[in-house]
2 protein chains.
Amino acid sequence: MAKQKTQNNQVSQQASEPLDGVRLELVEVAGQAAHVLGFPRSVGEIYGLLYLAPNPVSAPDICDALSASKGSVSQGVRQLVALGFVNTARVHGNRRIHYEAVLEVGAVLRQGYEQTIQKRTIVAEEKMKGLHQSLMVQKSQLGPDDYLLIKDRLQGLTKVQKRIKKLMPLITALLK
Amino acid sequence: MAKQKTQNNQVSQQASEPLDGVRLELVEVAGQAAHVLGFPRSVGEIYGLLYLAPNPVSAPDICDALSASKGSVSQGVRQLVALGFVNTARVHGNRRIHYEAVLEVGAVLRQGYEQTIQKRTIVAEEKMKGLHQSLMVQKSQLGPDDYLLIKDRLQGLTKVQKRIKKLMPLITALLK
DNA sequence: CATTCTGTTCAAATTATTTTGAACAAAAAA
DNA sequence: TTTTTTGTTCAAAATAATTTGAACAGAATG
């Protein structure tokens with residue numbers, strides 16, 4: 001097999017042809033989706049590539065296919081593995097690590113969603129606690145009307161926050 | 001009442017004192033929350049300010065309180081009004097428009113969430129349609145295995161997408 | 001009606017985020 | 001063992017998003 005130098009200045013074992021139309025389109029779409037969900041585009045693109053790959057892909061081949069830098073891919077796969085979107089895999093006759101997409105997108109998304117919500121719930125609780133405390137500390141320096149107004153409105157926020165916290169388990173259950 | 005020049009180089013009717021601790025803290029928290037939800041910080045800060053304001057606030061006073069520029073506030077309130085987080089209000093003896101926070105945060109959030117999901121569902125449907133079409137167009141140029149692989153995996157995505165679409169109404173119902 | 005204030009828009013400046021690529025260490029290949 | 005390839009990290013470059021401020025037009029005020 002003829003080896004060839006790639007853009008990344010690396011020799012690729014399997015002279016990876018450029019991506020065909022559908023694959024390119026999914027890479028694009030996955031990049032957009034990632035962006036909407038608050039991840040870097042490149043992370044989505046890597047997942048898009050792996051999702052339609054017939055075999056696990058090595059990091060250098062990912063670089064090549066997406067014309068992305070080593071650094072980007074290194075960080076990207078790390079995130080994807082951490083999030084559970086990608087698994088590492090060993091490939092016959094090759095001791096390097098390869099990557100493959102976890103195909104159960106729905107399940108992974110749900111799990112990520114659940115984690116995100118949990119984290120945010122905790123943060124929200126802390127912030128609310130902080131606000132109520134600040135109010136207490138400041139009580140003496142506020143006019144009585146002002147104090148009551150702030151107290152009421154903060155309680156309104158706390159109510160919403162508790163409501164969401166209570167409903168989330170139900171929702172994630174529904175998603176299963 | 002002594003008028004005074006503000007940072008914004010405007011004369012403020014009501015010599016607005018600097019924000020007290022709790023208010024400042026909510027401005028900060030609301031800014032962070034906005035950022036998490038994908039809005040500019042400044043938009044959240046404006047809402048935070050209005051949420052604890054005893055009376056409707058004019059745009060120049062918002063500028064002043066947040067030391068933000070006119071342009072920022074102009075765009076910010078526009079977004080907030082569009083999203084339903086803020087209402088315009090007339091104030092006694094003053095024909096300028098003032099702004100007040102809609103206090104039902106939960107309801108507004110839910111509505112925004114619902115809209116976002118709806119939009120995204122539509123976009124997702126279109127993209128999936130596009131992908132399936134591209135696949136058809138390309139069918140003849142793909143190996144049969146390759147074709148089948150791509151078809152199957154795209155169908156997997158479509159399934160997830162349809163599942164989410166079907167569940168969303170349930171979830172938003174739950175949130176009411 | 002003249003003057004001051006307010007609100008909008010948008011190009012330019014600022015700020016935040018992402019990507020690159022160089023330096024390095026460690027693994028594979030020769 | 002020597003050479004090549006791979007993978008990580010992180011400062012710097014590139015890009016994306018937000019904010020500012022100037023220019024303008026339309027209200028309010030006296």
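Protein chains get the first letters and strands the later ones, always in sequence-line order, with residue 1 at the start of each.
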salt_bridge(B:Arg23, A:Asp146) N-O dist < 4.0 Å: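 Salt bridge: yes.
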
Salt bridge flag under 4.0 Å for residues A:Glu125 and A:Lys162: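 A:Lys162 and A:Glu125: not salt-bridged.
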
Kindly say whether [Y] contributes a backbone atom to a donor-acceptor pair with the side chain of [X] at under 3.5 angstrom?
X        : Y        : value
A:Arg153 : B:Leu103 : no
B:Ser74  : B:Lys70  : no
B:Thr172 : B:Pro169 : yes
B:Glu45  : B:Ala30  : no

B:Lys127-A:Gln32 side chain donor-acceptor pair, cut-off 3.5 Å: yes

Among D:dT20, C:dT18, C:dT20, the one nearest B:Ala68 by side-chain distance: D:dT20

Minimum-distance nucleotide to A:Pro60 side chain [options: D:dT20, D:dT6, C:dT19]: D:dT6

Whole Å only: how far is the [atom1] atom of [X] from the [atom2] atom of [N]?
X       : N      : atom1 : atom2 : value
A:Ile97 : C:dA26 : CD1   : C1'   : 13 Å
B:Leu66 : D:dT20 : CG    : P     : 10 Å
B:Leu37 : D:dT18 : CG    : P     : 13 Å
A:Asp61 : D:dT6  : CG    : C1'   : 12 Å
B:Gln32 : D:dT18 : CD    : C1'   : 17 Å
B:Asp64 : C:dC5  : CG    : P     : 14 Å
A:Arg90 : D:dT6  : CZ    : P     : 15 Å

So which protein N/O to nucleotides 12-17 of chain C N/O distances come out below 3.5 Å?
unit_1: C:dT17; atom_1: OP1; unit_2: B:His35; atom_2: NE2; d: 3.4

Each nucleotide N or O in nucleotides 8-11 of chain D that has a protein N or O under 3.5 Å away: list the pair and distance.
unit_1: D:dT8; atom_1: OP2; unit_2: A:Ser74; atom_2: OG; d: 2.8
unit_1: D:dT9; atom_1: OP2; unit_2: A:Arg78; atom_2: NH2; d: 2.8
unit_1: D:dC10; atom_1: N4; unit_2: A:Gln75; atom_2: OE1; d: 3.3

Atom of B:His132, atom of B:Gln155 and distance for their closest heavy-atom approach: CE1-N, 4.1 Å

Residue pair A:Tyr47 / A:Val102: nearest heavy atoms and the distance that separates them: OH-O, 2.7 Å

D:dT19 phosphate, OP1 or OP2, under 4.0 Å from B:Ser42 side-chain N/O: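 It does, given that an N or O in the side chain of B:Ser42 lies less than 4.0 Å from OP1 or OP2 of D:dT19.
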
Residue whose closest nucleotide on DNA chain C lies nearer the 5' end, A:Pro40 versus A:Arg96: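 Looking at the nearest nucleotide for each, A:Pro40 comes out on the 5' side.
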
Sugar-phosphate, base or nothing in reach of A:Ser58, heavy atoms under 4.0 Å: nothing

